Each structure stands twice: as structure tokens, then as C-alpha cells.
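So the structure is just underneath, and the comments pick up after that.
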Number of protein chains: 2
Amino acid sequence: MVTLAEVAQHAGVSASTVSYVLSGKRSISGATRQRVEQSIRELGYHPNAGARALASSRSNIIALMIPLRTDMYVPVMMEIAIAVATTARTHGYDVLLLTGEEGPDAVRRVTGSGLADAMILMDVQLDDERLPLLRGTDQPSVLIGLPADTTGLTCVDLDFKATGALCVEHLAMLGHRDIAVIGEAPAVYERHTGFAERTLDGLRARSQELGMRLLHRPCEGGYDAMAVTLARILDERPSTTGFVVQNESAVEPLLALLRQQGRAVPEDVSVVGICPDQVATQASVRLTSVSIPAQEMGRHAVEQLVAKLDGRGSDEVLLIAPELTVRTSTGPAPSATH
Amino acid sequence: MVTLAEVAQHAGVSASTVSYVLSGKRSISGATRQRVEQSIRELGYHPNAGARALASSRSNIIALMIPLRTDMYVPVMMEIAIAVATTARTHGYDVLLLTGEEGPDAVRRVTGSGLADAMILMDVQLDDERLPLLRGTDQPSVLIGLPADTTGLTCVDLDFKATGALCVEHLAMLGHRDIAVIGEAPAVYERHTGFAERTLDGLRARSQELGMRLLHRPCEGGYDAMAVTLARILDERPSTTGFVVQNESAVEPLLALLRQQGRAVPEDVSVVGICPDQVATQASVRLTSVSIPAQEMGRHAVEQLVAKLDGRGSDEVLLIAPELTVRTSTGPAPSATH
DNA sequence: ATAGGTTGTCGAAGCGCTTCGACAGCTTTT
DNA sequence: AAAAGCTGTCGAAGCGCTTCGACAACCTAT
């Protein structure tokens with residue numbers, strides 16, 4: 001293991017000079033810099049992370065807490081995680097992966113031990129028990145998702161309320177009057193996950209404003225659960241012509257079931273998805289959808305954090321405006337006179 | 001920030017004693033231990049990770065390198081990552097998330113800087129460029145996946161060759177003679193990903209032994225790609241009655257297309273999947289499948305690594321025996337006289 | 001009673017780095 | 001020509017922990 005001191009000796013300078021070459025915190029003459037860089041290369045020197053962390057009280061690590069359960073949005077989580085890791089590297093940070101399992105203890109542990117300089121939390125619940133800890137520490141953090149009370153917190157999320165409204169508007173514009181929402185699994189609502197409730201708010205508020213009738217049914221993913229849910233919906237409200245699907249693992253089952261029942265998409269019923277673009281374009285019908293900007297959220301979260309660590313940046317809530325892409329799963333409502 | 005020294009003072013012992021209480025590396029009297037533990041609790045002490053790493057040259061971190069691209073097996077990757085993180089925690093380790101993006105450089109960086117004590121590599125290619133580096137260092141590592149040459153390496157993977165054979169055997173037993181394999185995306189084969197080729201080996205070898213005819217076609221995920229591939233297969237070999245699907249994002253499209261063409265599953269054609277159980281049970285037909293034991297692989301990888309770090313353990317290749325679960329997507333081949 | 005073991009604790013050295021103050025050698029200002 | 005300001009470099013202190021050797025204090029055996 002090559003040390004700073006060895007590099008210094010090899011280059012004929014003092015240890016501190018090498019350190020300053022590395023950090024750029026003091027000016028170094030071109031000649032010296034080159035000599036040092038040459039030695040670093042020749043010796044294959046890598047700064048020791050532990051020593052660096054100890055001396056500077058900076059670990060250059062960002063902790064990312066992902067949910068343990070995989071009952072929703074797995075591809076989204078993965079995309080966010082990858083975006084976080086990639087963006088972090090461009091700023092010289094590495095990413096520590098924490099699972100939700102430890103809960104608040106993980107926050108304490110990471111904060112207390114100086115393992116990470118900052119944290120990103122995913123799968124935030126409306127009244128998340130980790131929040132008091134975040135507020136009580138001076139370690140920067142960013143939430144991906146929105147809790148009930150955001151004071152003193154920095155958050156990024158898709159504007160799910162606007163998303164709900166946008167879906168409704170699109171269907172309204174096409175003349176649909178009775179619409180149904182295929183929601184997330186019941187468990188997601190039970191644990192009060194912000195995005196699910198906010199979407200519903202948006203859907204309800206806008207459909208009321210527009211004089212539409214809306215049915216909301218939670219639904220586990222998969223074919224069987226979807227079959228039951230769809231039957232119930234069509235039984236209760238046979239006039240339903242528009243669907244908004246939030247649970248991405250219900251998308252394909254819904255399309256298959258509709259087909260099976262002889263309901264053509266988009267001629268007889270329209271379907272709008274809230275899902276990553278990949279899901280929308282790979283479905284059996286190219287889905288009109290509001291995409292979930294996973295990458296953007298991950299990237300933004302890291303950049304906020306880096307700004308804070310550099311003393312710039314501040315607490316703020318960024319709600320990304322939803323964008324609806326029209327594909328081939330939505331069309332004019334079948335005329336009522338038909 | 002509370003330090004060891006403060007705890008020591010508070011408990012009326014020396015710093016080293018506190019350290020030994022924490023590590024258990026020397027025997028400490030019950031009375032002293034309790035006093036120290038009490039002080040730790042009262043002061044809310046957390047050992048500083050950097051200092052610990054520096055002094056002990058152990059970071060208690062395991063690096064996990066996941067693939068950057070998400071063109072395959074996203075849920076599997078996620079499950080492995082979560083299993084790794086969870087298992088690592090039970091052994092006192094944290095997990096550092098690296099993306100494949102940096103390639104071999106990441107290995108050098110982590111090894112050189114002592115950021116992590118060990119690494120787990122996923123998405124290993126037959127002739128992976130990271131392997132020489134692993135062999136050239138004394139840092140323990142485990143591969144999830146199998147390269148061409150495993151000398152000096154520790155690997156875990158599903159026995160994909162046996163998996164291929166098992167799928168063929170199952171279909172053979174049911175009387176199928178002409179079978180088709182829906183493979184991974186062409187890109188996966190182009191970069192020589194071990195598991196894809198090994199599966200194919202197993203499929204080919206066993207079908208030849210059993211006198212079956214086999215067609216293999218790579219296939220991107222999604223409905224459109226699957227439609228093209230299926231049409232080609234049925235055009236070339238209309239007598240095909242058995243399908244083996246390796247690309248999990250082709251499962252549902254295939255089922256939908258078969259249904260659409262009036263081919264009943266399992267009466268007219270049988271389908272075997274190679275995918276996580278969740279995919280198999282959530283499909284529109286409950287899929288007979290060989291499951292991918294993501295959790296088991298993640299857990300085993302960590303345990304191997306921990307064993308190595310403790311001086312136990314050795315290089316070995318663990319191929320997990322495949323298990324085929326019969327569900328409702330396979331049945332006897334339609335009789336030839338029909 | 002004495003040599004030889006244990007057991008529990010302490011002090012000090014050091015892990016490899018960052019950073020602060022000092023200062024020599026310049027250049028610029030007055 | 002002296003004062004003032006830059007630049008580039010160095011030495012030393014110290015970050016918070018682990019670990020090694022030392023050594024009291026006690027417990028066996030002989």
C-alpha cells in the first residue's frame with residue numbers, strides 16, 4: 001500500500017504539498033504539481049479512504065435508503081438507485097446502500113458514525129418516523145417523495161396531484177365521463193405512502209371539477225387480482241370508458257383482460273398509465289402515460305445534496321411537473337348514442 | 001460528536017478498555033463492561049467509521065457492483081441487491097453501491113483506497129475485464145455469475161446449463177418434440193454473458209440427446225419484438241408445441257400473442273419460463289418455471305465473503321441446482337394424430 | 001512460601017491523511 | 001529603499017480509533 005508520505009519522498013516534496021496537489025486547496029507551481037502527479041502515477045498511489053475521512057471529517061459517501069419491500073415500482077427504484085450512484089460519482093461521491101429494514105436506527109448509525117456525509121431517503125411515508133431524526137441533525141438529506149410536513153426538509157418528487165389531474169383532463173377532453181382508477185396494492189395505502197394519496201387527491205378533485213364520475217379501487221399486481229378488480233368495477237359501473245392505472249404491474253393484465261372481453265382499446269375504452277416510459281412502450285398496446293422521471297429525481301437529489309455539502313443550496317421542495325405522452329391507448333369516448 | 005475518550009472518562013477507565021469492550025478482543029470484567037456500556041448509552045456514543053477504518057485497516061464495507069444497463073433481469077438485480085444489503089448488515093457490514101459504468105477502474109479505486117474490504121460483482125461476462133484485477137489483489141471477492149475461467153475465483157450462480165436441460169426434459173416428458181427458445185436480447189449474447197450461453201448449451205445438449213428439435217431465437221422484451229419473433233418461429237417450424245422463455249419481459253407478450261392466435265396454453269402449446277417466482281405466478285397463465293434464486297445468491301455471496309474476511313472460506317464455485325415448479329402453463333403435447 | 005499462570009487494565013505508539021501557521025523568496029506599491 | 005503583499009512550500013499537530021507490550025493483582029501448583 002503506497003502512502004502519501006512515499007509519494008512525497010519520491011517527488012522530493014513534503015507530504016502537505018502532495019496533499020495540496022490532490023485537493024487543490026492551495027496553489028502549487030506547475031513544475032511541482034507535475035512532478036507530484038508523475039510520482040502518483042508511477043507508484044500507483046490511491047489515497048486511503050479511512051485516513052481521509054478521519055482527517056477531514058468527510059467521507060465522500062452519500063447514503064441511499066431504499067425500501068426493503070418490493071411490492072411496488074421495482075424498476076423505478078432501480079432506475080433511481082442507478083441514477084443516484086452515477087450522478088454521485090461525477091461529483092466524487094460514492095453511494096452506501098441502506099435498506100429500510102433498520103428504519104430510524106440506520107439514520108442514527110450513519111449520522112453518528114460519520115459513515116456518510118449525507119442521505120437520500122426513498123419511499124417516504126406521510127408521517128415517516130425518520131423525519132424527526134433528519135430535522136434534528138445537521139447532516140444534509142433529501143427525500144425522494146413527499147411527507148405530510150415538509151418544513152425543514154428538502155424533497156423531490158413527481159407532482160402526483162397534478163399527475164392525477166392531468167390524467168383526468170386528458171380523458172375528459174376525449175369525452176369520457178365515467179372513469180375508474182386502478183390503484184396501488186391496499187398495503188400501499190395502509191402505510192400512507194404520499195404519492196398514492198396525492199395522486200388520488202388530484203384525480204378526485206379534477207374529476208369533480210369537470211363533472212366526471214370516478215371509481216377508485218386498490219389492486220395488487222398480477223392477472224388474477226386485476227381480473228377480480230375489473231369485474232367489480234364493470235359490475236358497479238358498466239358505463240366506465242376510461243381507466244387510469246397507477247400500479248404498473250396491473251397494466252398488462254388490464255390490457256389482456258379488456259381484450260379478452262372484447263373491449264377494444266382505444267375504441268371502446270381508453271387507458272392511461274402512470275409508469276416509466278419503458279413500461280408504457282413495451283405494453284401490448286402502446287400506452288398513453290404520464291412517465292415517472294426516475295432518473296431526473298435521482299440526479300436532482302444528488303445535486304441538491306452536493307450543493308448543500310458545498311454550503312450552497314437550501315431546503316426546498318421540488319415537484320416535477322408531470323408530462324402526459326399520448327400514445328395509442330386513449331381515444332374519443334364511444335358516443336353515448338351508440 | 002462523542003468520542004471514545006469521552007466515554008472512557010465518563011466511565012472512569014482508559015480508552016483502550018472501552019475499545020476492548022466494543023470489540024471483545026480481550027476479556028473485560030463484568031463490572032467494567034457494564035459501566036462502559038452504561039456510559040456509551042448515556043452519551044449516545046457511535047464509533048467514528050473513518051477512525052476505525054484507519055486504525056484497523058478494515059472498513060466493514062462490502063462493495064456491490066451492479067450493471068448499469070437495465071436491459072435484463074431488473075427485478076432479479078434488485079432482489080439480489082436487497083439480499084446482499086440485508087445479509088451484510090447481519091454480519092456488521094454495510095454495502096457500497098457501484099455501477100458497472102466505471103468498469104475495472106472501480107475495482108482499482110475500491111481496492112486501492114481501502115474503501116471496501118471485499119467486493120461482489122454481478123453481470124459477469126465470460127471474459128470479463130475485471131477478472132485479472134481480482135486475481136491480482138488479495139481483497140476477497142465473489143462473482144454472481146460465471147466467467148469462462150474460474151481459477152482463483154469464487155462464484156455463485158444458478159446452474160443455467162442444468163436449467164436448460166431441465167426445461168427440455170420437462171417438455172420431453174410431456175411428449176413435446178419441437179420446441180422453441182425465446183432468448184435474451186441479442187445484445188446480451190453479443191457481450192457474452194455467461195448465463196445466456198450456458199442455458200443455451202444445456203438446452204441444446206439435452207434436446208439433442210433426447211432427439212428433439214430446437215429453435216433458438218434471441219428476443220428483445222416487449223410485445224412488438226415478441227410478435228415478430230413468434231411469427232418467425234411458427235413460420236419456420238409450425239409444428240412447435242413447446243416454448244422455453246428466458247427473457248422475462250417476453251413472458252406476458254408471448255402468452256398474450258398465443259391467446260390471440262387461438263393457441264390454448266397448455267392444451268395446444270406449453271410454455272416454461274426461467275424467471276423469478278413472482279413473474280411466474282403473476283402472469284396471465286400461472287407459469288411452469290425454473291425460478292431464479294436471487295435471494296439465495298445474494299445471501300450466499302455475502303456469507304462466502306464474510307467467511308473469507310474471517311480467514312475461513314476458500315475459492316469455490318457454487319452452482320445452485322435448478323428447481324422446476326410445475327404450474328398450469330405446461331401439459332401433454334397435442335397428440336400427433338390430431 | 002515461591003515460582004509460574006491467569007486475568008483485567010493501562011499507556012503509548014501509530015494508522016495516513018488534512019490543515020494551520022510560519023516563512024522564504026518574490027513582486028509590487030509608496 | 002523600505003514597507004507591504006503574494007506565492008509556494010514546509011513542519012507539526014491532530015483527527016478518533018486499535019493494538020501491543022507492560023504490569024499489577026490475583027490465583028493456582030508445588
Side-chain angles (χ1 to χ4, degrees), chain A residues 1-37 39-40 43-61 92 109-117 309-311, chain B residues 1-37 39-40 43-61 92 109-117 309:
Chain A
M1 198 89 305
V2 187
T3 70
L4 224 213
E6 296 175 274
V7 173
Q9 191 172 10
H10 185 271
V13 297
S14 76
S16 48
T17 300
V18 177
S19 179
Y20 287 125
V21 167
L22 251 27
S23 69
K25 291 190 179 173
R26 284 203 183 173
S27 56
I28 297 287
S29 71
T32 308
R33 156 171 295 115
Q34 294 201 346
R35 208 140 33 82
V36 170
E37 283 169 352
S39 297
I40 288 176
L43 301 178
Y45 168 71
H46 283 272
N48 180 88
R52 202 165 236 202
L54 177 56
S56 66
S57 29
R58 282 294 207 101
S59 64
N60 283 299
I61 288 179
R109 194 165 59 82
V110 168
T111 305
S113 67
L115 232 187
D117 297 332
L309 288 169
D310 291 353
Chain B
M1 198 91 302
V2 187
T3 70
L4 224 212
E6 295 176 275
V7 173
Q9 190 173 11
H10 186 271
V13 298
S14 76
S16 48
T17 301
V18 177
S19 178
Y20 287 124
V21 167
L22 250 29
S23 69
K25 292 192 179 172
R26 283 201 184 172
S27 56
I28 297 287
S29 71
T32 307
R33 157 171 293 115
Q34 293 199 349
R35 209 141 31 82
V36 170
E37 283 169 351
S39 298
I40 288 177
L43 301 179
Y45 169 71
H46 284 272
N48 180 87
R52 204 165 235 200
L54 177 57
S56 65
S57 22
R58 282 294 209 103
S59 64
N60 284 297
I61 289 180
R109 194 165 58 84
V110 167
T111 305
S113 67
L115 231 187
D117 297 332
L309 289 169

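Order of the sequence lines fixes the chain letters, A, B, ..., with proteins taken first and strands second; residue numbering starts at 1 for each chain. Here the structure is a predicted model, which is why all the values come from computation and not from measurement. Keep in mind that the numbers below use all heavy atoms, side chains included, and drop hydrogens, waters and symmetry copies.
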>> Within this structure, what is the CG-CD distance for the pair A:L43 and A:E6, rounded to the nearest 0.5 Å?
In response: 7.5 Å
> Would you say C:dG8 has OP1 or OP2 under 4.0 Å from some side-chain N or O of B:S29?
Replying inline: no
> At what angle, to 10 degrees, do the two end axes of the helix from C:dA1-D:dT30 to C:dT30-D:dA1 meet, given five pairs define each axis?
Replying inline: 30°
> Between B:S59 (side chain) and B:A53 (backbone), is there a donor-acceptor pair under 3.5 Å?
Replying inline: no
>> What I'd like to find out is whether the side chain of B:V13 reaches to under 4.5 Å of the side chain of B:V18, using heavy atoms alone.
In response: yes
> What string of B, S and - do you get for nucleotides 14-24 of chain C 5' to 3' if you count protein non-hydrogen atoms under 4.0 Å?
Replying inline: BBBBBBBBB--
> B:R35 has an atom CZ; how far is it from atom C1' of C:dG8, in whole Å?
Replying inline: 12 Å
> More than 12 heavy atoms of other residues, nucleotides or ligands under 6.0 Å from CD of B:Q9: is that the case?
Replying inline: no
> What heavy-atom pair brings B:L4 and B:Y45 nearest, and what distance separates the two atoms?
Replying inline: N-CE1, 3.4 Å
>> Just so I know, are the side chains of B:L309 and B:R58 near enough to count as touching, which here means a heavy-atom distance under 4.5 Å?
In response: yes
> Okay, side chain of A:R52, backbone of A:N60: is any donor-acceptor separation there less than 3.5 Å?
Replying inline: no
>> Just to verify, what does A:R109 make a salt bridge (Lys or Arg N to Asp or Glu O under 4.0 Å) with, not counting sequence neighbours?
In response: A:E102, B:D94
